[in-house]
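All remarks here apply to the structure that follows.
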Amino acid sequence: MNSLSLLQMESVAVYGLCGCKARSKTRCDARWERTASETAPTSAYSSPARSLGDTGITPLSPSHIVNDTDSSVSEQQVFLVVVAIDFGTTSSGYAYSFTKEPECIHVMRRWEGGDPGVSNQKTPTTILLTPERKFHSFGYAARDFYHDLDPYYATQWLYLEKFAMKLHTTGDLTMDTDLTAANGKKVKALEIFAYALQYFKEQALKELSDQAGSEFENSDVRWVITVPAIWKQPAKQFMRQAAYQAGLASPENSEQLIIALEPEAASIYCRKLRLHQMIELSSKAAVNGYSASDTVGAGFAQAKEHIRRNRQSRTFLVENVIGEIWSELEEGDKYVVVDSGGGTVDLTVHQIRLPEGHLKELYKATGGPYGSLGVDYEFEKLLCKIFGEDFIEQFKIKRPAAWVDLMIAFESRKRAAAPDRTNPLNITLPFSFIDYYKKFRGHSVEHALRKSNVDFVKWSSQGMLRMSPDAMNALFKPTIDSIIEHLRDLFQKPEVSTVKFLFLVGGFAEAPLLQQAVQAAFGDKCRIIIPQDVGLTILKGAVLFGLDPAVIKVRRSPLTYGVGVLNRYVEGKHPPEKLLVKDGTRWCTDVFDKFISADQSVALGELVKRSYTPAKPSQLVIVINIYSAEHDSVSFITDPGVKKCGTLRLDLTGTSGAAVPARREIQTLMQFGDTEIKATAVDIATSKSVKVGIDFLNY
């Protein structure tokens, strides 16, 4: 018979489910939800047992089980179409596929506006709110309208760009986290993300309705939103909450929305590549007609020209099974996907399973804030060195639209940087920059350049900064060095030692300087491949993931997760300061009951099972604190590096019945093998489902 322990406010007597006393070694750090007049729970780091206010529940003997079928992974709801939204740091877009034609992926309609020489199959991640904080426009439309505003009025409008990184860089992310607009005013991040997602929803439904010739209902759509793999659970939950607020799905129909991890989406698409859809950078056998003697820049330029010629068609055909690239793979072969975007670089290692082409993650996703934004930051630092940090900060606040124009001009020249470039790159300074600097400092921009001792940047009489190729390349170096260093660390891992391919994807992968650096560092270790139209790789892969969410069969847990429990105290094993004696029984407090370990392999559908019992028959809500750590060697919830990260909430209302026993067992099943942590629960006595929620934002 499974036994359990029960920590109550009145006593700590130990009982079995049948009512007889049983020997149990574990109690759970939990609390029941009380009325306002009762004692509030203690802080996350206090000993669970030492707080008499913590009315406990206790786990039965824990077990780890595997569900052999994928039927439990998601409800079998029928959707007519899958729409994927690639919500990027610098640019965003959507693509879709009808479930009856999964081999056809349609990329969204062309966006109005755009920059010369820059692909506009996606639109800038920019949003504009009116002075009354109402949504006005998104993407190129927002940027162009803001640009045309009178400088005085521009300071009253709220313009935000590249704001997705906030979810990664904010350590204490909550539903109330703020973003800062270009004019320095604060606005709720949840509101901005919801506005953006609602915009994409309306655009996609309108395009689908136009195609169908009749109104297309949101209920017919399965939505997929991409996020970096290195995002933690709070950021994923935040994105889901924003999607609910935007009306893409609802908590009651959560399966209508899937969170896709960006490098996984790229990996799924890369499986289906044909030879003419890729460029090989490494010095091994030629692919697609490019030999090792071709320069990186020249090969990629040819590929982009081919894409431009064929861009009238927005429909991409994909293989039904796996593409030609996999014909060279054998069962168990490994490859790395390097997703280099605007804000982050994500690295993931996958192993192919033939013949279906299912994927297994071999090492937990890694990466960091090494996206192309790092180059922008270096350019801003250079401007601060030349013109002074105080001036740049004031200019950004007083002339926000002009600052946006300056960074747009830099973005255009940034894309022209190449290893073999010899002629300088000219960056146009807005007139308001030149004028405001003279008023601020009392001398000209040209004078500032002469006095700055920055030899590799000159002033052009046409009103431009003239940068030498070496100067531009130097702006890329810190970011690229970080990527290469991170990749080198990854290649030291045993799981990555025999990698066959390295796929370079994401918008930053278009940069010839990054391509050359990756080729030079790893070209002798594996074959380095770039898909054509590399900026759409994640978007197209996300559609494929929405059509078949079970394609990734095994993932790695990024963190160690568990709860705090009480164990029987063992002399010599447990620290004396953890000893708690209650009613003659010796307990060890703060023991970490591990659900899953960092970098542990978890199969899709694999479940962690725990059973709990309410402390009192009348208890209606159980709230259990969840703790996490980046390392595996965790013994106590008070260990260094262990922190409270969320709560597991069991709502028992509506599950009681006439035959409910005094000691109820609530069985909880947690799934760690998906892109988000999920949980379900059932009241064993009544077989009724229990409402369960895992919250990483409001705990």
Side-chain angles (χ1 to χ4, degrees), residues 70-88 92-108 122 197 200-201 203-205 207-208 211-212 216-229 231 236 239-240 242-244 246-250 253-272 314-322 337 339 348 350 356-359 361 505 531 536-553 555 604-605 671 673-676 678:
D70 296 325
S71 59
S72 68
V73 175
S74 62
E75 297 174 9
Q76 298 301 308
Q77 188 172 351
V78 178
F79 299 100
L80 298 181
V81 66
V82 169
V83 179
I85 300 172
D86 180 4
F87 201 120
S92 300
Y94 68 86
Y96 58 92
S97 178
F98 294 98
T99 52
K100 289 185 178 180
E101 295 180 316
E103 69 281 357
C104 296
I105 299 174
H106 308 272
V107 177
M108 61 195 177
K122 291 204 287 185
L197 291 172
F200 279 115
K201 172 193 168 188
Q203 292 289 316
L205 289 178
E207 181 171 344
L208 289 167
Q211 279 211 10
F216 216 91
E217 297 294 334
N218 184 67
S219 58
D220 295 328
V221 180
R222 162 163 270 173
W223 296 95
V224 181
I225 299 176
T226 67
V227 302
W231 273 17
K236 295 177 187 176
M239 189 63 87
R240 179 170 282 278
Y244 289 162
L248 274 69
S250 65
N253 191 19
S254 61
E255 295 297 330
Q256 188 177 2
L257 170 67
I258 299 176
I259 300 295
L261 307 183
E262 289 168 1
E264 284 191 358
S267 178
I268 292 165
Y269 178 71
C270 287
R271 293 176 318 142
K272 296 179 177 288
R314 296 179 298 108
T315 300
F316 296 83
L317 298 179
V318 294
E319 298 292 297
N320 285 326
V321 280
I322 54 176
V337 175
D339 169 26
T348 192
H350 279 162
E356 298 88 355
H358 291 150
L359 301 175
E361 188 177 26
V505 304
L536 297 177
T537 301
I538 292 163
L539 191 52
K540 291 183 278 190
V543 173
L544 296 174
F545 180 65
L547 291 166
D548 181 15
V551 65
I552 309 283
K553 293 296 183 186
R555 290 184 173 88
L604 189 64
Q671 183 178 322
D674 213 327
T675 57
E676 300 170 274
K678 300 177 180 178

Criterion side chain to side chain contact (heavy atoms under 4.5 Å, CB included) on Asn218 and Gln256, from CA distance to verdict: CA-CA 10 Å; Asn218 184 67; Gln256 188 177 2; 3.6 Å; yes

pair Thr99-Arg222: side-chain heavy atoms closer than 4.5 Å: no

Side-chain touch Glu676/Val227, heavy atoms, less than 4.5 angstrom: no

Donor-acceptor contact present, side-chain Ser97 to main-chain Glu101, <3.5 Å: yes

Which residues share a side-chain hydrogen bond (donor to acceptor under 3.5 Å, both in side chains) with Asp339, sequence neighbours left out: none

Side chain to side chain contact (heavy atoms under 4.5 Å, CB included), paired with Leu544, selected from Val224, Ile105, Val551, Val82: Ile105

Interatomic spacing from NZ in Lys236 to CH2 in Trp231 - rounded to 0.5 Å: 10.0 Å

Student check: side-chain heavy atoms of Asp86 and Glu262 closer than 4.5 Å: yes

Gap separating the CG atom of Asp548 from the CD1 atom of Ile268, nearest 0.5 angstrom: 8.0 Å

Mutual orientation of the aromatic rings belonging to Tyr96 and His106 [parallel < 30°, tilted 30-60°, perpendicular > 60°]: parallel

Nearest-0.5 Å distance that lies between atom OG1 in Thr226 and atom CD1 in Ile258: 13.0 Å

Min side-chain heavy-atom separation Cys270-Val337 under 4.5 Å: no

Distance, nearest 0.5 Å, that separates CD of Glu361 from CD1 of Ile552: 8.0 Å

Minimum side-chain heavy-atom gap Leu248-Ile85 below 4.5 Å: yes

Rounded distance [0.5 Å steps], CD1 in Ile225 versus CG in Leu257: 5.0 Å

Contacts of Glu264 that satisfy salt bridge (charged side-chain N to carboxylate O under 4.0 Å, His left out) - sequence neighbours left out: Arg555

Side chains of Leu197 and Met239 in contact at under 4.5 Å (non-hydrogen atoms): yes

Spacing of OH belonging to Tyr244 relative to CG belonging to Asn253, to within rounding of 0.5 Å: 8.5 Å

Sub-4.5 Å side-chain heavy-atom contact between Val83 and Leu208: yes

Min side-chain heavy-atom separation Gln211-Phe216 under 4.5 Å: no

Stepwise side chain to side chain contact (heavy atoms under 4.5 Å, CB included) check, Leu536 with Lys122: CA-CA 8 Å; Leu536 297 177; Lys122 291 204 287 185; 4.0 Å; yes

